[in-house]
Amino acid sequence: MSVSPAPDATATTPPRLRFAPSPTGFLHVGGARTALFNWLYARQTGGQFLLRIEDTDRQRSTDESTRAIFEGLAWLGLDYDEEVVFQGANLARHQADVATLLASGAAYRDFTPAAELERMRAEAEGAGQAFRFDRELAALTPEQEAAKLAAGAPFAVRFKVPDGVTDWVDAVHGRIAFPNKDIEDFIILRSDGTPVYNLAVVSDDIAMRITFVMRGDDHISNTPKQILLYRALGAPVPRFAHVPMIHGTDGKKLSKRHGATAVGDYQHEGLLPSAMCNFLALLGWSTGDDTEVMLRDELLARFSLDGLQKKAAVFDPQKLDWMNGQHLAKLPLDEVMPHVYPAFERQGVSTRAELESRDTWFRTLVELLRVRSRTVDELARQAVPYFVDTVEYDADAVSKQWRDASAVAEILSATRERLASLPTWEPTSMETALRALAEELGISGGKIFQPLRVALTGQTASPGIFDVLVVLGRDRSLDRLEAAVRWLKSDVVA
RNA sequence: GGCCCCAUCGUCUAUCGGUUAGGACGCCACCCUUUCAAGGUGGAGAGACGGGUUCGAUUCCCGUUGGGGCUACCA
C-alpha cells in the first residue's frame with residue numbers, strides 16, 4: 001500500500017493546482033500565502049491555477065466573504081484560470097460519487113441516529129476513552145437494511161476504511177504514513193443528503209483534474225482519508241505539498257487577537273501588494289541565499305518547492321512594514337501611483353481628481369516622500385504640509401528650532417529677502433544664496449535651514465529643504481516665511 | 001487521551017558531517033548629513049535537553065521536553 005511520489009502523468013504534463021478557501025470569513029493572510037504559493041508554482045511551470053469556493057457549509061458561508069476572497073486575490077495580483085468553481089453547485093456529482101462508493105461496497109449506510117452517536121461519544125469521553133465508531137454498530141442484514149430503507153429511515157453514509165497503511169511522499173515533508181487502523185469509518189454523506197468536506201474536496205479535485213494539491217499542513221491528517229477516497233473512486237492520486245502554518249507572535253494560530261489578519265486590512269492600511277506577496281512568500285519559503293527583497297517578477301523566477309520550510313512561521317508586522325518601505329522606494333513610480341491616490345483620499349489629504357489635475361507636481365512630491373515612508377498612507381500623512389493653506393507649527397519643532405524667537409525672526413526675514421531676490425527658483429542658486437547668508441551672519445547653514453524647515457512645513461523633519469522650497473513654489477514659500485516671522489514676533493510679545 | 005507534524009539569535013531564515021554557525025527585521029553605537037528617511041560600518045543576540053552513530057555532529061538515528069494540527073452528520 002504505497003503511493004508513487006510523482007505519477008508520470010504529472011511529471012510531463014503542466015500541473016493543475018487550485019486554491020480552495022471556504023467563504024466563512026475574510027481572506028486570511030495564511031490563505032493568501034497558500035494561494036500565492038499555488039499561483040507561483042502554476043505560473044512558473046506553465047500549469048493552471050484554479051479557484052474553488054468551498055461553500056458547502058451554508059450556515060457559515062456568506063457572499064460578503066466570497067467577495068472579500070475575490071478582492072483580496074485581485075489586489076494581490078493572483079489571477080486564476082478558468083471559471084470559479086462553487087462547491088455547492090456540485091451536489092449532484094458528490095451524491096453520485098457516494099452512490100458509486102455504495103455500489104462498489106467501499107461505503108455503507110449507517111442508520112445510527114446522530115443523537116445516539118453523540119451519547120456514545122460523551123459516554124466514552126466521560127470515561128476518559130477515545131470514541132471510535134465501530135463498523136459493527138451499523139451492521140445490518142440485507143433484509144433489515146431493505147426494511148429500514150422502505151420505512152424511509154434516515155441514514156448517513158460512511159466510508160469503509162480498509163486495512164493497511166496509507167502513505168504518500170509529501171513535497172515538503174517527505175514520506176508521511178498513517179496506519180489505517182487509526183482512521184475511523186468517516187462519514188461522507190450526511191443523513192440530510194449533503195456531502196462532508198473530505199468527499200466534496202476529492203470529488204471536486206477529481207472533476208477539476210487537479211494534479212497537485214498544495215495547502216496548509218493542518219490538512220495533513222485529512223490526506224490519508226482523501227487518498228483512500230481517490231483510490232476507491234478509481235482516480236489518480238495527486239501530488240501533495242503541505243506548507244507550514246502562519247502563527248501569531250505568541251506562537252498560536254494567527255487570529256484576531258494578533259491584530260490585522262485579513263489581507264483587506266493591509267490593503268486599507270496602505271500596504272503594497274508586491275510587498276505583501278514578497279513578505280508572505282518569505283514566511284515558510286526562502287531562496288536559499290540571502291535574497292529577501294524581490295519584486296514580483298523576481299519572486300516568480302526564483303520560487304521553488306525546494307525552499308519550502310516545514311516549521312510554522314510567526315507573522316512579524318514590523319518586518320512587513322520594512323518590506324513595504326523597500327518596495328515603496330524601489331518600485332517604478334508608475335506602479336506605486338495607483339496605490340497612492342486612495343491613500344490620500346483615505347487620509348483626507350486630497351482627492352484623486354485634484355491630484356491628477358497637477359500630475360507632474362504630485363509625482364515629484366511622491367518621489368520625494370516615498371523613500372521616507374513605509375506605507376502609502378504614511379506618505380499621505382507626510383504630505384499634509386504641501387496641501388494646507390496655513391501650516392500648523394508642531395510644538396516640539398517650535399521649542400527646538402524656534403527657541404530664540406526674535407533671533408529666529410531676524411534670520412527668517414533675512415532668508416525671505418534673500419530668496420525673494422533670486423531671479424530663478426531652483427535648488428542650486430537657493431543653496432548658494434543661503435549659504436552665503438549664513439556666512440555673512442556668522443552662523444552655520446543649519447541655523448538657517450532648520451528654522452526655515454519649521455516655517456515651511458511646521459515640522460522638524462522633511463525632505464531636503466531646497467526640494468521643499470521647490471515643491472511649495474516661490475509664492476507659497478515666501479508667504480509661509482512671512483507668516484512665520486509674524487507669528488514669531490507676536491509670540492514674543494505675548 | 002489517540003494519531004500526525006515540527007524544533008538554529010526575540011522574529012524570518014542560510015547551513016544539505018568539518019564554518020570564528022552566515023544574512024534579514026527589530027534593538028544599540030558610529031559614519032554620511034540642513035532635519036527625517038534611505039544608505040554604509042560595527043555591536044549584542046541561536047543550534048531545547050539526553051543518549052547514540054562517527055575521527056568529527058546544528059546536520060544522521062532514538063528518546064525526553066516543548067509547540068502545533070487533526071481527532072464532528074465543520075471546512
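Everything numeric here is computed off the predicted structure, so don't read it as measured data. By convention in this document, chain letters (A, B, ...) are assigned in the order of the sequence lines, proteins followed by strands, and residues within each chain are numbered from 1.
- Look at the C1' atom in both B:A48 and B:G23: the space between them is 23 Å, to the nearest Å.
- Taking every side-chain heavy atom of A:Arg453 into account, B:U35 is the closest of B:C73, B:A75, B:U35.
- Put simply, CG on A:Asp467 is 13 Å from C1' on B:A37, counting in whole angstrom units.
- Of the P atoms belonging to B:U58 and B:A21, the separation is 11 Å, rounded to the nearest Å.
- Rounded to whole Å, the distance from CD on A:Gln309 to C1' on B:U13 is 7 Å.
- Side-chain atoms of A:Asp55 and A:Gln87 include no donor-acceptor pair closer than 3.5 Å.
- Of the listed residues (A:Lys160, A:Arg132, A:Arg135, A:Arg109), just one forms a salt bridge (Lys or Arg N to Asp or Glu O under 4.0 Å) with A:Asp185, and that residue is A:Arg135.
- On the P atoms, B:C60 is 12 Å away from B:C6, given to the nearest whole Å.
- Both tests do not hold together for A:Arg121 against A:Phe131: distance to the six-membered ring centre under 6.0 Å, angle to the ring axis within 45°.
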Review point. How does protein reach along nucleotides 19-29 of chain B, written 5' to 3' as B (base within reach of a heavy atom under 4.0 Å), S (only sugar-phosphate), or - (no contact)?
Key: ---BBBSS---

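- Among B:A75, B:C36, B:U34, the nucleotide with an atom closest to any side-chain atom of A:Asn222 is B:A75.
- Nucleic acid contact for A:Ile465: base, since at least one base atom lies under 4.0 Å from a heavy atom of the residue.
- Of the candidate nucleotides B:C5, B:U35, B:C3, B:C3 has the atom lying nearest to any side-chain atom of A:Phe178.
- Distance, A:Asn278 CG to B:C12 P: 17 Å, rounded to whole Å.
- When distances run from any side-chain atom of A:Val196 to the nucleotides B:C12, B:C4, B:A75, the shortest one goes to B:A75.
- One C1' atom belongs to B:U13, the other to B:A46, and the distance between them is 12 Å to the nearest Å.
- Among the nucleotides B:A75, B:U8, B:G2, the one closest to any side-chain atom of A:Lys311 is B:U8.
- Judged by the 6.0 Å distance and 45° axis criteria, A:Arg158 is not positioned over the aromatic ring of A:Tyr108.
- Comparing the C1' positions of B:U15 and B:U59 gives an interatomic distance of 8 Å, to the nearest angstrom.
- Using a 4.0 Å heavy-atom cutoff across all strands shown, A:Pro463 reaches at least one base atom of the nucleic acid.
- The listed nucleotides are B:U13, B:G69, B:C73; the one nearest the side chain of A:Arg158 is B:C73.
- Pair check for B:A38 finds none; no Watson-Crick or G-U wobble contact set falls under 3.5 Å.
- Among the heavy atoms of the strands, none lies under 4.0 Å from A:Gly325.
- With distances taken from any side-chain atom of A:Leu283 to the nucleotides B:A75, B:C12, B:C73, the minimum falls on B:C12.
- Atom CZ of A:Phe186 and atom C1' of B:C3 are 15 Å apart (whole Å).
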Review point. Where do A:Leu452 and A:Leu434 land on the side chain to side chain contact (heavy atoms under 4.5 Å, CB included) test, with the steps shown first?
Key: CA-CA 11 Å; A:Leu452 174 57; A:Leu434 295 190; 4.0 Å; yes

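- Listed by residue number, the members of residues 56-64 of chain A with any heavy atom below 4.0 angstrom from RNA chain B are A:Thr56, A:Asp57, A:Arg60.
- Toward the 5' end of RNA chain B, the nearer of the two residues A:Thr460 and A:Val314, judged by each one's closest nucleotide, is A:Val314.
- For the pair A:Leu379 CG and B:A38 C1', the interatomic distance rounds to 14 Å; values are reported in whole Å.
- Here the nucleotide nearest the side chain of A:Ala313, chosen from B:U35, B:U13, B:A72, is B:U13.
- Residue contacts for A:Thr457: at a heavy-atom cut-off of 4.0 Å it reaches no nucleic acid atom on any strand shown.
- Only the P atoms considered, B:G10 is 13 Å distant from B:C49, to the nearest whole Å.
- Aromatic rings from A:Phe466 and A:Phe449 are positioned such that their centres are separated by under 6.0 Å.
- When the P atom of B:G1 is taken as reference, atom CD of A:Glu123 falls 21 Å away, rounded to whole Å.
- Contact annotation: A:Arg215 side-chain N/O to B:A75 OP1/OP2 distance is not under 4.0 Å.
- Between the base of B:C3 and the side chain of A:Ser221 there is no donor-acceptor pair shorter than 3.5 Å.
- Between A:Ile220 atom CD1 and B:U71 atom C1' the separation is 15 Å, expressed in whole Å.
- Looking at which nucleotide of RNA chain B each of A:Gly445 and A:Pro195 is closest to, the 5′-most match is held by A:Gly445.
- Using a 4.5 Å heavy-atom cutoff, the side chains of A:Leu229 and A:Phe186 are in contact.
- Rounding to whole angstrom units, CD1 of residue A:Ile176 and C1' of B:G69 are separated by 12 Å.
- Remark: A:Phe133 engages no residue in a ring pair (Phe, Tyr, Trp, His ring centres under 6.0 Å) (not counting sequence neighbours).
- Comparing the C1' positions of B:A44 and B:C62 gives a spacing of 36 Å, expressed to the nearest Å.
- Side-chain rings of A:Phe344 and A:Phe362 approach one another, their centers coming within less than 6.0 Å.
- Side-chain polar atoms of A:Ser274 and A:Arg296 form no donor-acceptor pair below 3.5 angstrom.
- Heavy atoms from other residues, nucleotides or ligands lying under 6.0 Å from CD of A:Glu426 number more than 12.
- Under the Watson-Crick or G-U wobble criterion, with both distances below 3.5 Å, B:A24 is paired with B:U11.
- Using a 4.0 Å heavy-atom criterion, one finds that A:Ser22 contacts the sugar-phosphate atoms exclusively.
- Base pairing analysis places B:C60 opposite B:G52; the two distances defining the Watson-Crick or G-U wobble pair are each below 3.5 Å.
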Practice item. Show the numbers, then the answer: is there a ring pair (Phe, Tyr, Trp, His ring centres under 6.0 Å) between A:Trp285 and A:Phe303? Key: CA-CA 8 Å; A:Trp285 173 77; A:Phe303 182 75; 5.4 Å; yes

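- If you check every strand for non-hydrogen atoms under 4.0 Å, A:His247 touches sugar and phosphate atoms only.
- Counting heavy atoms from C-beta outward, A:Gln401 and A:Val398 have side chains that stay 4.5 Å or more apart.
- Taking every side-chain heavy atom of A:Ala461 into account, B:C36 is the closest of B:C5, B:C36, B:A14.
- Using atom P as the reference point in both B:G43 and B:G22, the two lie 11 Å apart (nearest Å).
- Base pairing annotation: B:G66 forms a Watson-Crick or G-U wobble pair with B:C6, both donor-acceptor distances under 3.5 Å.
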